[in-house]
Structure formats: C-alpha cells, structure tokens
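Reviewing the structure listed below.
In what follows, every heavy atom counts, from backbone to side chain, and hydrogens, waters and symmetry copies are set aside. Because the structure is predicted, anything quoted here is derived from the model rather than measured. Sequence positions, counted from 1, serve as the residue numbers for this chain.
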Amino acid sequence: MFRQHNFLTQTVIRMRGINVSEFGGPNVLKLVLNLPIPVPKSKQILVNVKAAGVNPVDTYIRQGNHSLSPILPYIPGKDGAGVVHQIGSDVKNFKEGDSVWFCGSVTGSYAEYCLCNEEDASLLPEKMTFNEGAMLGTPYLTASRALFQKAHVKEGMKVMVHGATGGVGTAAVQICQSLGIKVVATAGSVHGIDLLKSQAVDSIYNHNEEGYVEDIIKQEGHIDVILEMLANVNLSKDLSIIGAGGTIVIIGSRGPVTIVPRAIMSSECVVTGVMLFKSTDAEKKDNFSIVNKGIKDSWLKPVLWKTYDLEFAKDAHKEIIENNGARGQIILKIS
C-alpha cells in the first residue's frame, strides 16, 4: 500500500512544473503552469534548472517510506543542474550566469526554477553537460559517503556492490576503480551485465540466477565491504557473503527483512546504513570534493539510462518502482 500524496512542483510564468500524486491510485502526476518564481534568501541561489536527476529516494519520499515528511503539497527532486538566475545577498561562491550542479534543492528540482542553499551546489565544469550534472548529486555523494564515511574503504580491499547498475551502483564502481579496489558487482538482467562489462568490473554475477550467492562465496573469497541497494531482499544473503570483520552498508530498502542475528555474530561484521541528508557539513564538503576531483581526473563518468520530459515524470518514477533492472541514471529534461 502506498500513502496517497499530492505534491506540487514549483512553476512560474514561462515555467513548468509537476503536481505529483501517489502510485496506483486515482491521482496522477500533473503539469502545472504559471506559479511564482521563488526568491532566494541571503545564502541561497535560484537555479534555472536544465535537467533534474530522478532517484529512488524521490519515490521513497513520495510513498511516505522515508524519514523526511514534507508538508503537502511539495515539489519532488533533490538533484539537478542548470544556470544561476539570481543569488542571495550573502552568496560568495556563485554569480548569475554560472553553470552549476546541486544536491539538496530547497524547493524541488522537478521544476524550471528552484532554490538551493549555497553549500549544496558546485560549479559545473565546461567539460560536463547539464544532463551529466544532473546525475552527480545523490548517486555520487551517496556512494562516496557509503564507501569512505561508513565503510572506510582503502586500497587492497574487495568491495561487492549488490545491485550495481543504478545510479549509486555505477558511481560506487567508478569510485572504487579510481582507488584500485577490486569490485565484485551484481546485476539482474543481460542488459545490466553488459553495462557492468562496459564499466570494466572485475567480477560480475547475475543476482537473479539460482546459486549466485554460493558462486560468489566460492569464487571471491574474503569480501571486505558490501554495498546493499535492496536490503529487504538481500540482507540475509549479504550476511552469508561478508568476510570476517567486514562491513555491510545499506543504501536502499523497500520493506522489512528477517535475518538470523547469529550470522552477524559469527562474522563479527558491522551492518550500517546511509542517509545522505545526515551528513555533517564537513562530510558534505569532503564528498563534494571527491566528486569534483573525479570530474577533474576524468574517471567520473555518469551513465545515462533514460531521459524523460518533465511532464512524464510519473513514467520515470514507475520505472524505478517496478525495479526491472536499472541500467544507469534517469533524468528529467526541464528546459
């Protein structure tokens, strides 16, 4: 059962946005026109959004399955890229006309204009398109937080990404590869397997094939870290795979799970979770720095799966909810 939500994306004169409602019910995502352009406060920037990232967390919030509970109606979307249209009086790092990418929109990125706090945005290098910029925020910052601030990865470790073909998964693969860390990754379809091959992943398994867990245990030996994208399905499997003293980081889950606690005891592993918005200011700054360094060093290459026009945001959400096997990141084309 999904909680019925109505949430309104900001729109303005000459600006479009989305009125979004829950899946499976009588309501639909609705395009709305001619709402006022938001005005930036002292340390905020107003961005003319060119592309917005669509992430699983957007659907969790929409369903009411997230600790964030926006006041209804609200504007979905945290990630995007665009051009600074206006700055607040105390903004120091941006000027009007700057191209930026951001993560943590104040008013929602599924709209032609949105507000961001200055610290939640970064300049978009000329080498990157707005589409690529829209894919940076939640996926890469989450992967960075999971790997460095939760799992404390370092060279010589072996990392398994359980469900590696979505935005966070491909980001995690690239970050690990930049450090020379061996990656074990799973996908759920032939297309997903092909994507991981194109990413030069060391070891690839199909998590929809019977016996894949046993194959991983037999072939891979000690796994130091597992990044888990669907804990309600896979956590018990992770506990049988993780090496002694290893760390399982839960990035996504869509329901409850039953586990045998003795599996944690026997490996003395750590099971922890990630919520990007829980990052401290220092952690956020570190993660932005890692992403920007990846752009500069050219190992960071977002994988675009599908692009939807803004009015078809409901189809983008449906794609994520049905979970038939992601193959990169989904974005909305705004303007």
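- Under a cut-off of 6.0 angstrom, the local environment of NZ in Lys237 is crowded, with over 12 non-hydrogen atoms contributed by other residues, nucleotides or ligands.
- Linking Ile, Leu, Val, Met, Phe, Trp and Tyr whenever their side-chain heavy atoms come within less than 4.5 Å leaves Ile226 and Val274 in two separate clusters.
- The number of heavy atoms from other shown groups lying within 6.0 Å of CD (Glu322) is above 12.
- Side-chain contact of Asn93 with Glu118: a donor-acceptor pair under 3.5 Å is present, judged by distance alone.
- Of the possible donor and acceptor atoms, none in the side chain of Ser144 sits under 3.5 Å from a partner among the backbone N and O of Leu141.
- Scored by the side-chain contact (heavy atoms from CB on, under 4.5 Å) test, His191 finds Ser189, Arg327 as partners (sequence neighbours excluded).
- Side-chain atoms of Thr107 come within 3.5 Å of backbone atoms of Leu115 as a donor-acceptor pair (strictly under, hydrogens ignored).
- Checked for salt-bridge contact, Asp202 and Lys158 miss the test: no charged N lies under 4.0 Å from a carboxylate O.
- Separation of atoms CG (Asp215) and NZ (Lys218) is listed at 7.5 Å; rounding is to 0.5 Å.
- Salt bridge present: Lys182 and Glu220 bring a charged side-chain N and a carboxylate O closer than 4.0 Å.
- To the nearest 0.5 Å, the span separating CH2 on Trp101 from CG on Leu136 amounts to 5.5 Å.
- When the side chain to side chain donor-acceptor pair (under 3.5 Å) test is applied to Asp286, no partner is found at least two apart in sequence or on another chain.
- Annotation: the span from Asp309 atom CG to Lys333 atom NZ amounts to 6.0 Å, rounded to 0.5 Å.
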Given side-chain contact (heavy atoms from CB on, under 4.5 Å), test Leu46 with Val84 step by step and report yes or no. CA-CA 6 Å; Leu46 176 66; Val84 176; over 6 Å; no

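- Here the shortest heavy-atom pairing between Tyr110 and Ile75 reads N-CG2, 4.4 Å.
- Under 3.5 Å, the side chains of Gln329 and Asn55 contain a donor-acceptor pair of N or O atoms.
- Here the closest heavy-atom approach between residue Gly328 and residue Trp305 is recorded as C-CB, 3.8 Å.
- Side-chain heavy atoms closer than 4.5 Å link hydrophobic residues (I, L, V, M, F, W, Y) into clusters, and following such links, possibly through other members, connects Ile216 to Ile242.
- In summary, Glu283 and Arg145 engage in a salt bridge, as defined by a charged side-chain N under 4.0 Å from a carboxylate O.
- Separating the SG atom in Cys114 from the CD1 atom in Ile334 is a distance of 9.0 Å, to the nearest 0.5 Å.
- With sequence neighbours excluded, the residues forming a side-chain contact (heavy atoms from CB on, under 4.5 Å) with Ser42 are Ser89, Asp90, listed by chain and number.
- Of all the heavy atoms in Val201 and Ala185, the pair that sits closest is CG1-CB, 3.7 Å.
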Decide yes or no on side-chain contact (heavy atoms from CB on, under 4.5 Å) for Asp120 and Lys284, but give the supporting numbers first. CA-CA 8 Å; Asp120 292 330; Lys284 183 189 298 184; 2.8 Å; yes

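- In this structure, the side chain of Ser335 engages the main chain of Val49 through a donor-acceptor pair within 3.5 Å.
- Put simply, the side chain of Lys296 never gets that close to the backbone of Pro125: no donor and acceptor are under 3.5 Å apart.
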List, one per line, each side-chain donor-acceptor pair under 3.5 Å for residues 162-175, sequence neighbours excluded.
| unit_1 | atom_1 | unit_2 | atom_2 | d |
| --- | --- | --- | --- | --- |
| His162 | ND1 | Glu228 | OE1 | 2.9 |
| His162 | ND1 | Asp238 | OD1 | 2.7 |
| His162 | NE2 | Tyr212 | OH | 2.8 |
| Thr165 | OG1 | Ala326 | O | 2.6 |
| Thr170 | OG1 | Gly166 | O | 2.9 |
| Thr170 | OG1 | Gly167 | O | 3.2 |
| Gln174 | OE1 | Tyr140 | OH | 2.7 |
| Gln174 | OE1 | Lys301 | N | 2.9 |
| Gln174 | NE2 | Gln199 | OE1 | 3.1 |
| Gln174 | NE2 | Lys301 | O | 2.8 |

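- More than 12 heavy atoms of other residues, nucleotides or ligands shown are found within 6.0 angstrom of CG on Asp297.
- For the 3.5 Å distance criterion, the side chains of Lys285 and Asn287 fail to qualify, holding no donor opposite an acceptor.
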Audit row: Ile331, Met135, side-chain contact (heavy atoms from CB on, under 4.5 Å) steps and yes/no: CA-CA 7 Å; Ile331 64 170; Met135 295 187 278; 3.5 Å; yes

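- Asp58 contributes no side-chain N or O that, together with a main-chain N or O of Val54, makes up a donor-acceptor pair within less than 3.5 Å.
- In this structure, Tyr113 and His85 have side chains that are in contact, with non-hydrogen atoms separated by less than 4.5 Å.
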Got a list of side-chain donor-acceptor pairs under 3.5 Å for residues 247-254, not counting sequence neighbours?
| unit_1 | atom_1 | unit_2 | atom_2 | d |
| --- | --- | --- | --- | --- |
| Ser253 | OG | Asn232 | N | 3.4 |
| Ser253 | OG | Gly255 | O | 3.2 |
| Arg254 | NH2 | Thr59 | OG1 | 3.2 |

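- The two residues Ser105 and Cys116 make their nearest non-hydrogen contact at CA-SG, 4.1 Å.
- Here the straight-line distance linking atom OH of Tyr308 with atom CG of Asp315 works out to 6.0 Å at 0.5 Å rounding.
- Between Lys95 and Asp98 there is a salt bridge, since at least one side-chain N of the basic residue sits less than 4.0 Å from a carboxylate O of the acidic one.
- For Phe312 and His317, the ring centers sit 6.0 Å or farther from each other.
- Side-chain polar atoms of His222 and Asp224 form a donor-acceptor pair below 3.5 angstrom.
- Note that NZ of Lys314 and CD of Glu319 are 12.5 Å apart. Values are rounded to the nearest 0.5 Å.
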Before you tell me yes or no, could you show the steps for Ile193 and Val190 under side-chain contact (heavy atoms from CB on, under 4.5 Å), namely the whole-Å CA-CA distance, both residues' side-chain angles and the distance that decides it to 0.1 Å? CA-CA 5 Å; Ile193 296 294; Val190 173; 5.6 Å; no

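- A donor atom on one side chain and an acceptor atom on the other are found under 3.5 Å apart for Asn292 and Ser122.
- Of all heavy-atom pairs between Lys293 and Trp299, the closest is O-NE1, 4.4 Å.
- Between the Asn206 side chain and the Thr186 main chain, no donor and acceptor come within less than 3.5 Å of each other.
- Inter-residue side-chain proximity for Met160 and Val183 is flagged as unmet; no heavy-atom pair is nearer than 4.5 Å.
- Every residue was checked against the ring pair (Phe, Tyr, Trp, His ring centres under 6.0 Å) condition with Phe148, not counting sequence neighbours, and none meets it.
- One side chain, Asp79 or Thr138, offers a donor N or O that lies under 3.5 Å from an acceptor on the other.
- At distances below 3.5 Å, at least one donor-acceptor pair connects side-chain atoms of Ser266 with backbone N or O atoms of Ala263.
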